[in-house]
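Keep in mind that what you see is a predicted model, and the values were worked out from it rather than measured. Residue numbers count from 1 along this sequence. The figures here come from the full heavy-atom set of this structure, side chains too, leaving out hydrogens, waters and symmetry mates.
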Amino acid sequence: LIDQGNYDGAISSAQKALSYNDKSHEMHFLIARVFIQRGKFEKADQAIVRAISFDDSQSQYFNTLGYVNSSRGNHERALAAYEMAVDRDPSNGFAFYNMAVTLFNNENYNEAANGFYAAALAYLKQKRYGEAEKALKSLKDMANHGIDIRENAETIEKALGSLAKGERNDV
């Protein structure tokens, strides 16, 4: 139903499934995603918190909670959610990157630079090289705010350069 753009039908079906098992964190997560698609962030927040209450081991749930709160302008809560995502999955590049963006928007440039660097490293470990390049670009942009990023940028550039040369073992 979601793939067909039938969001109301998807929510209705998910709510029916929840009437049989209200503790299905997957269904609450699905509902949160649909509400995000529809721009209903308050309802999405409620659904994702409910999903987390039944399974707090899923880093993607905290990624979603961070995104919802960032979209609502609640940056402190977004940061906390991204930190919890990283606690559950230290290689969560998405959480590191979005945490860095939030820190940047709050003009905390040193910590934002650290977050972009951590995101690039996490993406490299996940073999998501396009995202690693995006994080590197964001890291380099931090130099415009007086942050010395040379060493960290060189580390990421060297790793990406090794990939281009086929030296995957060195990465």
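- Of all heavy-atom pairs spanning S70 and A78, the tightest one is N-CB, 3.7 Å.
- In this structure, the side chains of Y117 and F96 stay at 4.5 Å or more apart for every pair of heavy atoms.
- To the nearest 0.5 Å, atoms CG (D89) and CG (N63) are separated by 8.5 Å.
- A distance below 6.0 Å separates the ring centres of F116 and Y97.
- For the pair H145/F104, a side-chain contact is recorded, criterion being any heavy-atom separation below 4.5 Å from C-beta on.
- Within the structure, salt bridge (charged side-chain N to carboxylate O under 4.0 Å, His left out) pairs that include any residue of residues 70-80 comprise E42-R72, D45-R72, D45-R77 (at least two apart or interchain).
- With hydrogens and angles ignored, the 3.5 Å screen pairs no side-chain donor or acceptor of S12 with any backbone N or O of D8.
- Between I31 and A14, the shortest heavy-atom distance links the atoms CG1-CB, 3.5 Å.
- In the hydrophobic cluster analysis, where Ile, Leu, Val, Met, Phe, Trp and Tyr join through side-chain heavy atoms closer than 4.5 angstrom, Y67 is grouped together with Y123.
- For F35, the ring-ring contact (aromatic ring centres under 6.0 Å, His included) test picks out no residue, with sequence neighbours left out.
- Under the 4.5 Å side-chain criterion, counting only non-hydrogen atoms from C-beta, L124 is in contact with L160.
- Listed by chain and number, the residues in a side-chain hydrogen bond (donor to acceptor under 3.5 Å, both in side chains) with R50 are D22 (sequence neighbours excluded).
- Residues Y61 and I11 do not share a hydrophobic cluster, defined by chaining ILVMFWY side chains whose heavy atoms lie under 4.5 Å apart.
- Annotation: the span from D141 atom CG to I147 atom CD1 amounts to 12.5 Å, rounded to 0.5 Å.
- Looking at heavy atoms from C-beta onward, H25 lies out of side-chain contact with D56 at the 4.5 angstrom threshold.
- Judged by distance alone, the side chain of R38 and the main-chain N or O of V34 form no donor-acceptor pair under 3.5 Å.
- Hydrophobic clustering (ILVMFWY, side-chain heavy atoms < 4.5 Å, transitive): I156 and F94 are in one cluster.
- Note that the CG atom of N98 and the CG atom of N69 stand 12.5 Å from one another [nearest 0.5 Å].
- Partner H28 forms a side-chain contact (heavy atoms from CB on, under 4.5 Å) with one of D55, L18, I48 and no other, that one being L18.
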